[in-house]
Amino acid sequence: KSWLIFHFVADLGAPNFKILKVDFANPDLAKAEVIVAEPEGAIIDDFELTKDGIYYSLAKNGVQEDLYFLPFGKDKAKQLELPQPAGSLS
């Protein structure tokens, strides 16, 4: 099994995007694993991998962004509380 994994955002039938993972040893998009499903009412705007998991932001109505964290090996992300509402995160 390859240790090189590629995470990326794609629409692939999901207009609000989704975060996928594919193994470089077998880079078949049909076998890509969905890490973050397409959200309803928001668009996946950006994500960042860390040693602990994936941070990603959801843009709502183009004027508000919320930040989430999904630890590796978990199914459910946690919305992180920001000190004030954000129009953009990076």
Side-chain angles (χ1 to χ4, degrees):
K1 182 162 174 126
S2 171
W3 59 269
L4 189 55
I5 303 293
F6 181 60
H7 291 77
F8 60 99
V9 175
D11 63 2
L12 298 175
N16 293 339
F17 302 104
K18 54 189 170 185
I19 299 175
L20 302 172
K21 175 173 86 171
V22 67
D23 189 327
F24 268 10
N26 186 16
D28 182 355
L29 288 180
K31 296 179 181 177
E33 180 182 348
V34 176
I35 302 301
V36 177
E38 176 186 22
E40 289 187 32
I43 296 172
I44 296 176
D45 185 52
D46 199 5
F47 77 97
E48 190 70 38
L49 294 175
T50 69
K51 66 179 181 64
D52 299 316
I54 301 173
Y55 288 88
Y56 63 95
S57 60
L58 298 182
K60 296 179 183 175
N61 299 320
V63 296
Q64 177 183 343
E65 288 203 23
D66 295 321
L67 182 62
Y68 292 81
F69 176 65
L70 177 63
F72 289 128
K74 301 291 182 180
D75 297 0
K76 187 167 173 130
K78 177 182 177 186
Q79 184 176 354
L80 302 178
E81 190 172 328
L82 301 173
Q84 60 187 20
S88 177
L89 296 171
S90 57

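What you see below is based on every heavy atom in this structure, not just the backbone, and it leaves out hydrogens, waters and symmetry mates.
Under the salt bridge (Lys or Arg N to Asp or Glu O under 4.0 Å) criterion, D66 pairs with K60, sequence neighbours left out. The side-chain contact (heavy atoms from CB on, under 4.5 Å) search around K74 returns L70, P71, not counting sequence neighbours. Every residue two or more places apart in sequence or in another chain was checked for a salt bridge (Lys or Arg N to Asp or Glu O under 4.0 Å) with E48, and none qualifies. Remark: K78 pairs with no residue by the salt bridge (Lys or Arg N to Asp or Glu O under 4.0 Å) rule, at least two apart or across chains. With sequence neighbours left out, Y55 forms a ring pair (Phe, Tyr, Trp, His ring centres under 6.0 Å) with F69.
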Identify each donor-acceptor pair in which a side-chain atom of residues 28-43 lies under 3.5 Å from a protein atom, sequence neighbours left out, and give them as a table.
{"residue": "D28", "atom": "OD1", "partner": "A30", "partner atom": "N", "Å": "3.0"}
{"residue": "E38", "atom": "OE2", "partner": "N16", "partner atom": "N", "Å": "2.9"}

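Taking the side chain as every heavy atom from C-beta outward, D46 and Y56 never approach each other to under 4.5 Å. Counting heavy atoms from C-beta outward, L82 and Q84 have side chains that stay 4.5 Å or more apart.
For the atom pair CG of L80 and OG of S57, the computed distance is 11.0 Å after rounding to the nearest 0.5 Å.
In terms of modelled atom types and a separation under 3.5 Å, the side chain of N61 and the main chain of V63 share no donor-acceptor contact.
Atom CD of Q79 sits in a crowded spot, with more than 12 heavy atoms from other residues, nucleotides or ligands closer than 6.0 Å.
A pairwise comparison of heavy atoms in A59 and D45 identifies CB-CB, 4.3 Å as the closest pair. For F72 against T50, the heavy-atom pair with the smallest separation is CE1-O, 3.1 Å.
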